[in-house]
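The next block holds one structure in the form of structure tokens; read it before the comments.
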Amino acid sequence: MHKILVSACLLGAPVRYDGRSQGLDNGLLARWQAEGRLLALCPEVAGGLPVPRAAAEIQADGRVLTINGLDLTSAFTAGAEAALALCRQQGIRLALLKEGSPSCGANRVYDGRFCGVSQAGAGVTSRLLRQHGVQVFAETQLEALATVLQALRSP
């Protein structure tokens, strides 16, 4: 059975920087969870960051900083490495991650100026997973993920 790594906040865990979740109410996700396909992980928590924590954004130079300039790059990198290790251990080739997150953003991240503007780009975890062959999808791409999963199931 093909497993899917999922941002824990998308499954309702209150692990976001603000202590909230972003739980998705979606039939596909519910089915995959019932089938035992989903493995939840919050890379930021896995990297040692607390809940709640200061909001962070990826800067133009690639570092991950809080609005006060605290450099969290090493924690974000450690969380990405934990996600990759889980994927390798479980043979995971698909991930469903929270768009906009400096860890999990699949296609968009905030621009590093803390003004609510997002731009094309990938979070630290999404980038590392893709470099190692894991296909990463945002929560807005559930149908595309379902298509890929179905293709993997077919002989």
Side-chain angles (χ1 to χ4, degrees), residues 1-24 26 28-66 70-110 112 118 120-142 144-153:
M1 171 181 4
H2 296 284
K3 297 202 179 254
I4 304 167
L5 178 72
V6 180
S7 294
C9 65
L10 295 177
L11 293 179
V15 293
R16 284 175 33 102
Y17 75 95
D18 57 7
R20 295 184 304 131
S21 75
Q22 289 286 81
L24 285 179
N26 180 281
L28 283 172
L29 201 60
R31 185 176 85 219
W32 295 334
Q33 192 165 22
E35 292 172 354
R37 290 187 184 282
L38 305 182
L39 286 169
L41 177 79
C42 173
E44 294 172 27
V45 172
L49 296 174
V51 177
R53 56 190 168 274
E57 295 186 7
I58 299 174
Q59 305 303 299
D61 65 4
R63 293 180 304 148
V64 182
L65 303 179
T66 67
L70 180 62
D71 190 335
L72 300 178
T73 306
S74 62
F76 276 74
T77 301
E81 290 170 354
L84 178 60
L86 180 61
C87 287
R88 285 179 167 164
Q89 176 189 33
Q90 298 289 324
I92 295 172
R93 297 168 31 198
L94 303 170
L96 176 65
L97 303 179
K98 177 66 186 130
E99 193 70 280
S101 161
S103 286
C104 296
N107 307 300
R108 299 198 67 76
V109 294
Y110 289 96
S118 70
V124 177
T125 298
S126 290
R127 214 170 343 162
L128 183 65
L129 293 179
R130 282 183 175 137
Q131 288 169 358
H132 291 274
V134 176
Q135 293 183 65
V136 178
F137 299 84
E139 71 273 18
T140 57
Q141 299 174 302
L142 280 168
L145 173 54
T147 299
V148 170
L149 184 60
Q150 184 59 42
L152 290 173
R153 289 183 195 165

Mind checking whether [X] and [Y] have side chains closer than 4.5 Å, heavy atoms only?
X	Y	answer
L86	L5	yes
L128	T77	no
C87	L129	yes

Pairwise distance [atom1]([X]) to [atom2]([Y]) - rounded to 0.5 angstrom:
X	Y	atom1	atom2	result
Y17	T66	OH	OG1	13.0 Å
S126	Q135	OG	CD	13.0 Å
H2	R153	NE2	CZ	8.5 Å
M1	L152	CE	CG	13.5 Å
I4	Q90	CD1	CD	13.0 Å

Nearest atoms (heavy-atom pairs only) where [X] meets [Y]:
X	Y	result
T125	A83	CG2-CB, 3.7 Å
A146	L28	CB-CD1, 3.9 Å
L10	V6	CB-CG1, 4.1 Å
L65	D71	CD2-CA, 3.4 Å
V109	A122	CG1-C, 3.6 Å
P14	G19	CB-O, 3.3 Å

For side chain to side chain contact (heavy atoms under 4.5 Å, CB included), just list the numbers for L142 and W32, CA-CA rounded to whole Å, side-chain angles, deciding distance to a tenth of an Å, and then say yes or no. CA-CA 11 Å; L142 280 168; W32 295 334; 3.8 Å; yes
Can you list, pair by pair, the side-chain donor-acceptor contacts under 3.5 Å of residues 53-60, counting residues two or more places apart and other chains?
residue, atom, partner, partner atom, Å
R53, NE, E44, OE1, 2.8
R53, NH1, V15, O, 3.1
R53, NH1, P50, O, 2.9
R53, NH2, V15, O, 2.8
R53, NH2, E44, OE1, 2.8
E57, OE1, G112, N, 2.9
E57, OE1, R113, N, 3.3
E57, OE1, F114, N, 3.0
Q59, NE2, E57, O, 3.0
Q59, NE2, G112, O, 3.3

Without swapping roles, check the side chain of S101 against the backbone of S103 for a donor-acceptor pair under 3.5 Å. yes
So L11 and L38, side chain to side chain contact (heavy atoms under 4.5 Å, CB included) or not? Walk me through it. CA-CA 9 Å; L11 293 179; L38 305 182; 3.9 Å; yes
Listing, residues 93-100 side-chain donor-acceptor contacts under 3.5 Å, not counting sequence neighbours, or none:
residue, atom, partner, partner atom, Å
K98, NZ, E139, OE2, 2.6
E99, OE1, A106, N, 2.8
E99, OE1, N107, N, 2.8
E99, OE1, R108, N, 2.9
E99, OE2, N107, N, 3.4
E99, OE2, N107, ND2, 3.2

